[in-house]
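Throughout, a chain's letter reflects where its sequence line sits, starting with A, and its residues are numbered from 1.
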Amino acid sequence: MKKLINHPDNIIREQLEGMQLAHGDLIKVNYEPYYITRKEATPEGKVALVSGGGSGHEPMHGGFVGKGMLDAACPGEVFTSPTPDQMFEAAKAVDSGSGVLNIVKNYTGDVMNFEMAADMAMAEGIKVQNIIVDDDIAVKDSLYTAGRRGVGTTVLIEKICGGAAEDGYDLKKLSDLCKKVNRYGRSMGMALTSCITPANGSPSFEISDDEMEIGIGIHGEPGIERDKLKSVDEITEMMTNSILDDPAYHRVLKEWDAGKNQWVDVEVVDDPFKKGDQVIAFVNSMGGTPVSELYGVYRKMAHVLEKRGIKVVRNLIGPFITSLEMQGCSITLLKADDEILKYWDAPALTPALRKKM
Amino acid sequence: MKKLINHPDNIIREQLEGMQLAHGDLIKVNYEPYYITRKEATPEGKVALVSGGGSGHEPMHGGFVGKGMLDAACPGEVFTSPTPDQMFEAAKAVDSGSGVLNIVKNYTGDVMNFEMAADMAMAEGIKVQNIIVDDDIAVKDSLYTAGRRGVGTTVLIEKICGGAAEDGYDLKKLSDLCKKVNRYGRSMGMALTSCITPANGSPSFEISDDEMEIGIGIHGEPGIERDKLKSVDEITEMMTNSILDDPAYHRVLKEWDAGKNQWVDVEVVDDPFKKGDQVIAFVNSMGGTPVSELYGVYRKMAHVLEKRGIKVVRNLIGPFITSLEMQGCSITLLKADDEILKYWDAPALTPALRKKM
Amino acid sequence: MVTKKHILQWLENTANAMEDNRQYLTKLDTAIGDADHGNNMHRGFKKVKEQLPAFKGKDIGAILKAVAMTLISTVGGASGPLYGTMFMHAGNKMAGKEELTPKEMGELLAAGLEGVKMRGKASVGEKTIVDALEPAVEAYNQSLGNGSDFQQAMNRAVAACEKGAEETIPMIAKKGRASYLGERSKGHQDPGATSVSFIIKSLNDACLN
Amino acid sequence: MVTKKHILQWLENTANAMEDNRQYLTKLDTAIGDADHGNNMHRGFKKVKEQLPAFKGKDIGAILKAVAMTLISTVGGASGPLYGTMFMHAGNKMAGKEELTPKEMGELLAAGLEGVKMRGKASVGEKTIVDALEPAVEAYNQSLGNGSDFQQAMNRAVAACEKGAEETIPMIAKKGRASYLGERSKGHQDPGATSVSFIIKSLNDACLN
Ligand SMILES: Nc1ncnc2c1ncn2[C@@H]1O[C@H](COP(=O)(O)OP(=O)(O)O)[C@@H](O)[C@H]1O
Ligand SMILES: Nc1ncnc2c1ncn2[C@@H]1O[C@H](COP(=O)(O)OP(=O)(O)O)[C@@H](O)[C@H]1O
Ligand SMILES: [Mg+2]
Ligand SMILES: [Mg+2]
Ligand SMILES: [Mg+2]
Ligand SMILES: [Mg+2]
């Protein structure tokens, strides 16, 4: 294992210390338990946006704490959901009285931990809503699985909902926007290499020099299928078409019903993309793939989208939701309406993403 | 070789096409010969800032073309200096009559090609100055070598001089600032893995699982020494101290003497860092190292600097001057005075770096 | 009778088992998950073990609830809330007790199982903790109902648990991270089903003394 | 007499040599440089070869200058300007000539060497192109001065050039990218010194026909 680390047991703490030292003008790190908040307290009247997840996906989420994006982020151990006490303490730290929106990627662990945290926060009188992101089309059905994973759309949601929260959206309106962005966003990823978690020191999966893994998540888990390594054009065409051809996706998501005062199951349907749609296109590096190669992906993706009558109106290119040092990429397409574009374009100033500030 | 590419012969062209498609709101790519300019013409009265170098270091330089940074960038083949005709055409495209400042990294090829290009441009009546960046302290002496390589300071120079050019600096004043920033900046790099150039398909150097390469450049060339892999604390302490302990550096650099109308050799001396200095600290990924690990480096670097009485007043952290997918990092420290800070903080809007816009 | 000493010994045994099998559990999770289950369980129970001396003054219910809190705040992932809720429900059921009859032990186990199912919504056959825990609880209570003594019932529970864990091998996962793999999840033993078998085995070992 | 046909053949031979030795030159550059010298030379001379038909109407000086322009605009790196200037100076010197006497060939070579040295400021012993090219030029002109014929002089030039290239092996590089390696540059043959030996060898082969 080749990494710039000290002992694997200390990396979360040390990297957080590094973030604090580097970005003390923007963020504040709490160490017991771990969470990152903005340096300044949440302004009165503003809903607080909180997210969290396993470490190893940096800059997500800690790098997105700051004006126009998150109010707090909770980092777990590498690839392991953070714990409810982190989320609960973070919620207490950033709630201004207007409530907390938890952005939760759809992994069994994340969902359960955030649910427990929401219960704890609500018991203390904090208004909370948990919104689940499940955009990874590599996972085909929801009936026989834990459902689609939350991947690239998460980054876009954090930017867009961050902008709307800044603009005074209340918890209900912000939750609705968050759910809409999730419904409008779809992703697919692939890997050329496996990552190595520091605690294990060996690759999470074996892959030979002429192979690639398709439909990979962001936790070094094996993908949906193994294939011979192809050209970037073939890979990109396959991923882009898979996203565009993905049919309506039905599933049941849990959310808090403030009226009924209980968790309820809500059936949610994503409509497929259609000709004439405008999209935000996000080409993401899994960590070890340099940005030069992402432009190769972007090029082919743009050609396919053009041919399919889909118009890219904004984009994001770079390593934003990663899997340690894994080589590979993901594509996220987000159907963009005026509300989404307005808040995508809104100012933001965070360690990893900056706009108009 | 595992890369997201089509045929190695086409990657420069295809990646440039991707950049054009992705950032058409900011830049314009010229294909014959290759150069990237801002979308809008250089305003009258503004000195044009041009840089260039081998490809494979993305986002440098193409990602730094835009408001507040470069007016044009010339990409060569992977790890190979671009050619004079590219630089000459780029100069013609962006000169507004106020002259062109070429930012040249100190490699034999880059220096010679930019010199030929300057001669060509001057023959057409364009005012030109070439400023050499040579900040890599891994190269110890200048008498018996081609001198120090241009590495991390280049990125900082492009930001700072870009800000000053925007603010109306004339060619002479801008050249002086550029030379100052180069004198004030020092870098050192290391690698955990070798990169693979697409044309070759095999690692540029062999390195075993328990080794690291110290004093690496950005072209996959072997470093100054091979060592057993150490902890991030040990590596960072060694690199930071090496930069701080580096004595005054004397060398002779070529520049154009507009009065004498010829190239002249100028002796240049960098003073070493001293207690009380304020610095911009830049922790850079070689491409394959994820940002999480850079925070581990930043942490230790900050501790060492604090102990040595050096104050970090600004920082930059991420993959900005890379070596394809190489794992490793570099540290650049730049002594910062008011002029440097003013233009570091100035607005910029480029594909890879954004500030206040 | 199962005393507090037995319960504390159970927890210590479990911590040791998780330490010994850290790599094994992680290897199982590498095949069909994200390669952290052994690390997660080890992290949680190491913390529990550190806190054992502080548990001495508490009743069994309180001990189990304290374990739950520790697991919830140190394990994370899917297993943190699942095992946290398991111990929480077991602790709630055993509130105030200083020792347990064999029947009460059956209630403890059943409450734990119910906690896991409440939290994770899994049923038998979905390649999860439930596939090992449910047979264990059923075997224990059935055996006791059929007139077996505590020791026999515990042995049956351990055997059923281990068998349940093994029987996850051919299953296609329908819950948790392994479910993303679909058909590819076949042929691998479930990490969580395996770790719960260590927990049940540790309980048996503790009560044998 | 060396005719235009010989010169065109020289360029074609050189292009073929660079194609055949692309990997070898790159391997040399991997050891002490950035692993591109073979690719650079191949890219440049491949382009030259493509343009050969268009060169037919030009005089020798014009051909060499056209080669220079092609190399300058396609090779890049250090070798682009160096070889570009070599051919540029040689071409300037041979302006207007349709064929060359052995003495004029000596002037061509000397002008080329002078171009490389003007551009790169290297002297013998610094592990560069100059270490092979300078002995070759000297051997040729000395041999001719001593009364040898063209063929003998060319043979001496080739031998001196190849020897010069080999003699770079123990040298510590003082110019170019290899100089960063200091002591570590010892023990490897210089890529540029090697590629120039292919150029001189190609010239000899062309003139033999
Ligand atoms: N819904 C569920 N109900 C019961 N057990 C589950 C459920 N989801 C996952 N598990 C168990 O959790 C185990 C994985 O735990 P762990 O690796 O620690 O968490 P994560 O999947 O978050 O990395 C699986 O092997 C499985 O037994
Ligand atoms: N100053 C110089 N004078 C003469 N030859 C040089 C000089 N610097 C470098 N060279 C030659 O250039 C060769 C390297 O060329 P190449 O690999 O194409 O360029 P780069 O070093 O830019 O990658 C070296 O092997 C050396 O022979
Ligand atoms: Mg996990
Ligand atoms: Mg080169
Ligand atoms: Mg796991
Ligand atoms: Mg080279």
Side-chain angles (χ1 to χ4, degrees), chain B residues 8-9 33 52-54 56 74 76-86 88 107-117 120 136 138-149 194-197 199-200 202-206 215-226 254 323, chain D residues 22-23 25-27 29-44 46-47 68-85 88 116 118-122 125-129 171-185 188 192:
Chain B
D9 284 353
C74 305
E77 293 292 318
V78 172
F79 293 171
T80 302
S81 162
T83 58
D85 55 314
Q86 293 174 259
F88 173 48
Y107 301 94
T108 307
D110 293 68
V111 171
M112 292 191 300
N113 283 291
F114 263 111
E115 221 170 271
M116 294 173 83
M120 289 157 83
D136 186 352
V139 181
K140 280 303 167 206
D141 69 71
S142 67
L143 250 180
Y144 302 108
T145 68
R148 293 185 167 175
R149 298 172 287 215
S194 170
C195 53
I196 297 181
T197 62
N200 297 332
S202 53
S204 297
F205 55 87
E206 294 298 333
I216 195 85
I218 53 170
H219 296 86
E221 65 268 54
I224 303 307
E225 86 194 31
R226 179 66 57 103
K254 240 188 196 176
S323 218
Chain D
R22 177 179 179 169
Q23 297 202 338
L25 290 172
T26 295
K27 218 187 88 200
D29 198 32
T30 304
I32 57 170
D34 59 349
D36 63 355
H37 188 59
N39 304 329
N40 294 343
M41 297 305 288
H42 175 248
R43 186 170 56 247
K46 195 180 135 200
K47 191 85 189 178
M69 288 314 297
T70 300
L71 295 179
I72 288 169
S73 66
T74 55
V75 177
S79 43
L82 290 165
Y83 284 122
T85 310
M88 185 60 79
V116 171
M118 183 283 277
R119 180 63 62 201
K121 305 275 180 301
E126 299 190 320
K127 201 166 186 139
T128 72
I129 294 170
M171 290 179 186
I172 297 181
K174 300 218 171 84
K175 285 282 182 318
R177 197 178 290 284
S179 71
Y180 306 134
L181 286 175
E183 288 282 336
R184 279 175 100 186
S185 64
H188 303 277

Quick one: which of D/Ala31, D/Gly33, D/Ser73, D/Gly182 has the most heavy-atom pairs under 4.5 Å with chain B, could you say?
-> D/Ser73

Could you tell me which non-hydrogen atom of B/Ala146 sits nearest to which non-hydrogen atom of D/Gly176, and how far apart they are?
-> CB-O, 3.7 Å

CD of D/Glu183 to CD1 of B/Ile224, rounded to nearest 0.5 Å, is 12.0 Å

Backbone of D/Ala78 reached by a side-chain donor or acceptor of B/Thr108 within 3.5 Å = no

Distance from D/Arg177 atom CZ to B/Thr145 atom OG1, nearest 0.5 Å?
-> 13.0 Å

Do you know the tightest heavy-atom contact between B/Ala199 and D/Asn39?
-> CB-ND2, 3.6 Å

Say you draw a straight line from CD of B/Glu77 to CG of D/Asn40; how long is it, rounded to the nearest 0.5 Å?
-> 8.0 Å

Heavy-atom distance under 4.5 Å to chain D: side chain of B/Asp85, backbone, both or neither?
-> side chain

Is it true that atom NZ of D/Lys46 has more than 12 heavy atoms of other residues, nucleotides or ligands lying nearer than 6.0 Å?
-> no

Segment of D/Lys27 engaging chain B (4.5 angstrom heavy-atom cut-off) = neither

Listed by chain and number, what are the side-chain contact (heavy atoms from CB on, under 4.5 Å) partners of B/Glu206, not counting sequence neighbours?
-> B/Pro203

In chain order, what residues pass the ring pair (Phe, Tyr, Trp, His ring centres under 6.0 Å) check against B/Tyr107, with sequence neighbours excluded?
-> B/His219

Rounded to the nearest 0.5 Å, what's the gap from CG on D/Asp34 to CZ on B/Phe79? Could you check?
-> 8.0 Å

Which of the residues D/Thr30, D/Ile72, D/Leu181 is involved in the greatest number of heavy-atom pairs with chain B at under 4.5 angstrom?
-> D/Ile72

How close do B/Met112 and D/Gly120 get, heavy atom to heavy atom, and via which atoms?
-> SD-CA, 4.2 Å

First locate atom CE of B/Met116, then atom CE of D/Met88, and finally report the distance between them rounded to the nearest 0.5 Å.
-> 6.5 Å

Between the main-chain N or O of B/Gly223 and the side-chain N or O of D/Arg184, is there a donor-acceptor pair closer than 3.5 Å?
-> yes

Under 6.0 Å from the NZ atom of B/Lys140, do we count more than 12 heavy atoms belonging to anything else shown?
-> yes

Determine yes or no for a side-chain-to-main-chain donor-acceptor pair under 3.5 angstrom, with B/Asn200 supplying the side chain and D/Ala35 the backbone.
-> yes

Measure distances from D/Thr85 to the heavy atoms of chain B and classify the residue's part below 4.5 Å as side chain, backbone, both or neither.
-> side chain

